[in-house]
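Here is the structure we will look at, set down as structure tokens.
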Number of protein chains: 2
Amino acid sequence: MQSRPKITNNIRHLRFTSNEMSQNTLASKVGVTRQTIATIEKAKYYPTLELAFLIARVFNREISDVFKFEFEN
Amino acid sequence: MQSRPKITNNIRHLRFTSNEMSQNTLASKVGVTRQTIATIEKAKYYPTLELAFLIARVFNREISDVFKFEFEN
DNA sequence: ACATTATGTAAATAATTTTTAACATCTGGA
DNA sequence: TCCAGATGTTAAAAATTATTTACATAATGT
């Protein structure tokens with residue numbers, strides 16, 4: 001993997017529409033630290049496939065509903 | 001992330017039904033080395049979300065069609 | 001005013017993924 | 001037979017993701 005296409009996510013929005021779930025609550029549901037959630041929300045780096053699956057499951061969504069890959073062409 | 005649930009994939013099957021695409025060809029299409037594809041096919045480790053998206057796109061599939069998360073419970 | 005909760009951010013370290021290089025076997029075709 | 005392509009595997013190094021600790025601000029409620 002070289003270039004680094006953009007992956008956006010709507011975790012923040014999903015948290016607030018899920019009974020205003022805090023970063024902390026989401027973090028413990030998927031077994032990571034709060035900072036990991038915060039950093040992923042801000043898209044400073046991309047989660048592993050495993051973590052992406054876990055997060056999507058918390059919100060009862062598909063990965064592709066939570067994370068959007070921006071294909072440039 | 002701690003426990004390590006299982007994620008399986010059908011990359012190998014998709015390669016063969018896609019004009020018998022070799023590991024090498026898939027690797028260069030997504031910009032990684034052949035060894036990375038081989039190791040992911042054997043599920044020795046899980047790809048990043050980014051690589052998962054790229055692989056799914058090569059086969060015109062959704063991530064959830066290529067990778068299956070085994071939820072225990 | 002004080003305590004608590006939520007969030008932002010940074011730095012060092014740990015863990016995992018990816019690369020590179022090497023060598024192996026197997027198969028098909030020239 | 002010989003060569004090339006495809007795949008398996010291993011080991012060390014590089015790159016990326018995740019953890020931990022720490023300190024910061026803002027908002028809310030008592």
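Basis for what follows: all heavy atoms, side chains included, without hydrogens, waters or symmetry-related copies. Chain letters run A, B, ... following the sequence lines, proteins first and then strands; every chain starts at 1.
B/Glu41 has its CD atom 17 Å from the C1' atom of C/dT17, to the nearest Å. At whole-Å resolution of the value, CD1 in A/Ile55 and P in D/dT17 are 13 Å apart. Rounded to an integer number of Å, the gap from A/Tyr45 OH to C/dT16 C1' is 12 Å. B/Arg12 places its CZ atom 9 Å from the C1' atom of D/dA6, with the value rounded to the nearest Å. Summarising the geometry, the separation between CG on A/Asn19 and P on C/dA6 is reported as 12 Å, rounded to the nearest angstrom.
In this structure A/Phe53 satisfies the ring pair (Phe, Tyr, Trp, His ring centres under 6.0 Å) test together with B/Phe69, sequence neighbours excluded.
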Extract from the structure each pairing of a protein N or O with an N or O of nucleotides 22-29 of chain C at less than 3.5 Å, listing the distance.
unit_1	atom_1	unit_2	atom_2	d
C/dA22	N6	B/Gln35	NE2	3.3

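Within 4.0 Å (heavy atoms only), A/Thr48 reaches sugar-phosphate atoms of the nucleic acid but no base atom. At the heavy-atom level, B/Thr36 lies under 4.0 Å from base atoms of the strands shown.
Nearest-nucleotide assignment on DNA chain D puts the 5′-proximal partner with B/Thr25, out of A/Thr33 and B/Thr25.
Of the side-chain N and O atoms in B/Arg15, one or more sit less than 4.0 angstrom from OP1 or OP2 of D/dT7. Listed pair B/Lys42 / D/dT7 fails the phosphate criterion, with no side-chain N or O lying under 4.0 Å from OP1 or OP2. Phosphate contact (OP1/OP2 of C/dA10, side-chain N/O of A/Lys44, threshold under 4.0 Å): present.
Direction of the helix axis in the helix from C/dA1-D/dT30 to C/dA30-D/dT1 shifts by 30° between the two five-pair termini, rounded to 10°.
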